[in-house]
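To start, the structure under review is shown below, and the notes come after it.
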Amino acid sequence: MDKDGQPVLDDDGNQKIGSLEKNCPKLKQRDHGSWYYSIELPPGPDGKRLPRAKKGGFRTKKEAATAAEAVWKLAQDGVDVLSEETVADYLHRWFAKRVDLKRSTRKSYEDYIDRVFIPYLGAIKLLQLRTRHIQGMFEKMWADNEVHAENRLKAHQALEAERAAHTAWKDCPTRPRPEGLRQAWQDAKAALKEARALPTHVTGPGTQVRMRNTLSGALDDAVNEKLISENWTKGVVLPKYVRPKPLVWTPARVEAWRQTGEKPGKVMVWMPEQTGAFLDAVAGHRLYPMFHLMVFRGLRRGEAAGLPWAETDLTHGTVHISEQLVVASYDVWEDTPKSESGERTIKLDSETRKLLELWRARQAGERAEWEESAKTWKDTGLVFTWEDGRAYHPEHLSQTFTRLVTRLGLPPVRLHDLRHCAATLSLAAGLHMKAIQTLLGHGSYSLTADTYTSVLPQFEDAQAEAPLALVPRRSPARRDMAHEPDAKAGAPAAENPVGVPSEDAA
């Protein structure tokens, strides 16, 4: 364009095409054109010249210069500023090389990447990722949590309404029943189906921390690869997460639970009397030896389900934990323990040892009967199996345990909480925390000590009374202070306590 805004033509009458740069007559107009930078980058690792780094769209020259300076510094630090890789592309590539992960951990990582990270962050170029993007991802998650919690409440209310409508129809004394009752029940069932179709998954603080840690690990590797300058998860703020500690089912808590139906904590532990009541009630159950083993020796569900006879020495009364059955999305597979400390040898108590001897004889009899009937007995080599030798699915064990607890009317605990029962009983019996750490296979002493600060009430009483025994007293500490003589009112002074000088002695 010329100074009048008309096209500039060449000798043949065609419009000239080219960059006017500073000669553009509209350059000073705020809404006309934009600034860009073009930088000569340092040579690559092979010494060859790299393409220039270019970017436009800046409103002012200063903005372009600032951006160019930032890119230049990144390039000087070795960052590949020409990379077009997106967060999605990088996460897929990073996950593919993580062959060092356990299968269960890989499943968790894969879920985080596909369900959370890529939908929120995947389209962003890795070079452009910043803390604000990651923080925004979690803020959206918190908003979804509120909606999903409301959906969960609606589903619960819809279930109660459906049950009430069904009860009204079923218990109606008149025959034939009024058609309106049946229609109300049908409407309630339709409403329940609609409410259950809404998303109800709430991502808790613990899961959010694990998500951030997973993404942080990926970005740490990106920093090492010189793809980004820093790990942008470091400035992300999440709700405070406190690992739930076991609470004991005291009489007061049991009474409150019976009135409200609410558990006072996520992790609950039975009192010795409640544990004994459960074991007595299920003594005839097929899984009783397994429950007894978990209650007193603290095995995890998967460790008990995957315990082989080859690692069970009933002569010396020990079991060696070297493998377990792991579950994810109801898929089950064999794997090693969670950590190196999880591989351990546990000494059996005399009763559990006797139970396992009886169980082995029973299993041998079942195998003989099965094979005599011309049926195939599956030789898994596991201690606890079905009658045909098949392994128990860990989820089946949890479901069976929950049904038994509900049927007995005991305060609810999870199957995994039997492990906490074992730790708390051992602590109350006087075992040192280090011994409990070894029993449970924890990786650190602090994890065991921080988790099991709650103890049985009778043990707390002993702890509270212990300091009193260290202080010698001439009379009981419990006195009726209302009738205590007042020395100032002329009462005779008490004898001088041992070790405290009197005025005469001075």
Side-chain angles (χ1 to χ4, degrees), residues 244-301 303-304 317 319 346-356 358-359 384 397-433 435-437 439-440 442 448-466 468-469:
K245 295 183 178 180
L247 297 177
V248 178
W249 273 117
T250 60
R253 287 170 178 158
V254 173
E255 181 62 27
W257 163 72
R258 294 196 185 282
Q259 292 180 0
T260 66
E262 297 181 0
K263 291 172 58 176
K266 182 178 181 180
V267 181
M268 300 303 300
V269 179
W270 279 331
M271 297 274 283
E273 298 80 7
Q274 297 156 344
T275 304
F278 170 77
L279 292 175
D280 289 342
V282 301
H285 195 278
R286 179 178 181 81
L287 294 175
Y288 173 65
M290 178 186 288
F291 293 146
H292 196 282
L293 175 64
M294 296 176 71
V295 163
F296 290 103
R297 307 318 295 153
L299 270 68
R300 297 179 176 90
R301 179 186 70 173
E303 293 171 346
V319 292
I346 297 175
K347 183 68 177 179
L348 298 175
D349 60 89
S350 58
E351 190 169 343
T352 302
R353 181 176 176 180
K354 183 62 177 177
L355 283 172
L356 290 181
L358 295 172
W359 173 260
F384 301 107
L397 300 177
S398 294
Q399 293 166 7
T400 300
F401 177 78
T402 300
R403 285 195 298 268
L404 289 171
V405 173
T406 302
R407 187 184 308 161
L408 295 172
L410 289 168
V413 299
R414 305 168 302 169
L415 180 61
H416 185 77
D417 293 337
L418 294 186
R419 176 171 163 84
H420 301 306
C421 286
T424 306
L425 288 170
S426 297
L427 183 61
L431 268 69
H432 190 273
M433 195 67 74
I436 297 175
Q437 176 196 346
L439 175 69
L440 300 180
H442 280 167
T448 309
D450 291 345
T451 301
Y452 298 107
T453 53
S454 65
V455 294
L456 301 178
Q458 55 265 47
F459 191 44
E460 291 179 331
D461 291 342
Q463 287 181 324
E465 295 294 331
L468 290 177

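These values consider heavy atoms only, across backbone and side chains, with no hydrogens, waters or symmetry-generated copies.
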Heavy-atom closest pair, residues V269 and P246
CG2-CB, 3.5 Å
To the nearest 0.5 Å, how far apart are OG1 in T260 and CD in E255?
10.0 Å
Donor-acceptor pair, distance only, cut-off 3.5 Å: does the side chain of D349 make one with the backbone of T352?
yes
For L410 and W257 the tightest heavy-atom approach is O-CH2, 3.6 Å
Are side-chain heavy atoms of L427 and M433 found at a separation under 4.5 Å?
yes
At what distance, to the nearest 0.5 angstrom, does CD of E351 lie from NZ of K354?
11.5 Å
Do Q274 side-chain atoms and W249 backbone N/O form a donor-acceptor pair below 3.5 Å?
yes
Least distance between heavy atoms, I436 atom then A423 atom
CD1-O, 3.8 Å
Measure up the F296 and H292 rings against each other and bin them: parallel (under 30°), tilted (30 to 60°), perpendicular (over 60°).
tilted
For K347, does the NZ atom sit with more than 12 other heavy atoms under 6.0 Å from it, leaving out its own atoms?
yes
W270 side-chain N/O to G276 backbone N/O, donor-acceptor pair under 3.5 Å
no
Check whether any side-chain N or O of R297 sits under 3.5 Å from a backbone N or O of L348 as a donor-acceptor pair, and report yes or no.
no
Counting N and O atoms only, with roles assigned by atom type, does the side chain of R419 sit under 3.5 Å from a partner on the main chain of L299, one being a donor and the other an acceptor?
no
So OG1 of T400 and CZ of F291: to nearest 0.5 Å the spacing works out to 6.5 Å
Any side-chain donor-acceptor pair under 3.5 Å between R301 and S398?
yes
Contact between V413 and F278 at the side-chain level, heavy atoms closer than 4.5 Å - yes or no?
no
Is the shortest side-chain heavy-atom distance between L408 and V282 below 4.5 Å?
yes
Over all atoms of both residues, closest heavy-atom pair of M271 and V248:
SD-CG1, 3.3 Å
Quick one: CG on L247 to OG1 on T424, what's the gap to the nearest 0.5 Å?
10.0 Å
Could you report the tightest heavy-atom contact between L439 and S426, atom names first, then the distance?
CD2-OG, 3.9 Å
Rounded at 0.5 Å granularity, tell me how far NE2 in H285 sits from CZ in F401.
11.5 Å
Looking at side-chain heavy atoms only, is the closest gap between R414 and D417 below 4.5 Å?
yes
Side chains of L415 and M294 in contact at under 4.5 Å (non-hydrogen atoms):
yes
Taking every heavy atom of P411 against every heavy atom of V405, the minimum-distance pair comes out as O-CG1, 3.9 Å
Is there a donor-acceptor contact under 3.5 Å from the side chain of W359 to the main chain of Y288?
no
Measure the NE2-CE distance between H420 and M268 for me, rounded to the nearest 0.5 Å.
11.5 Å
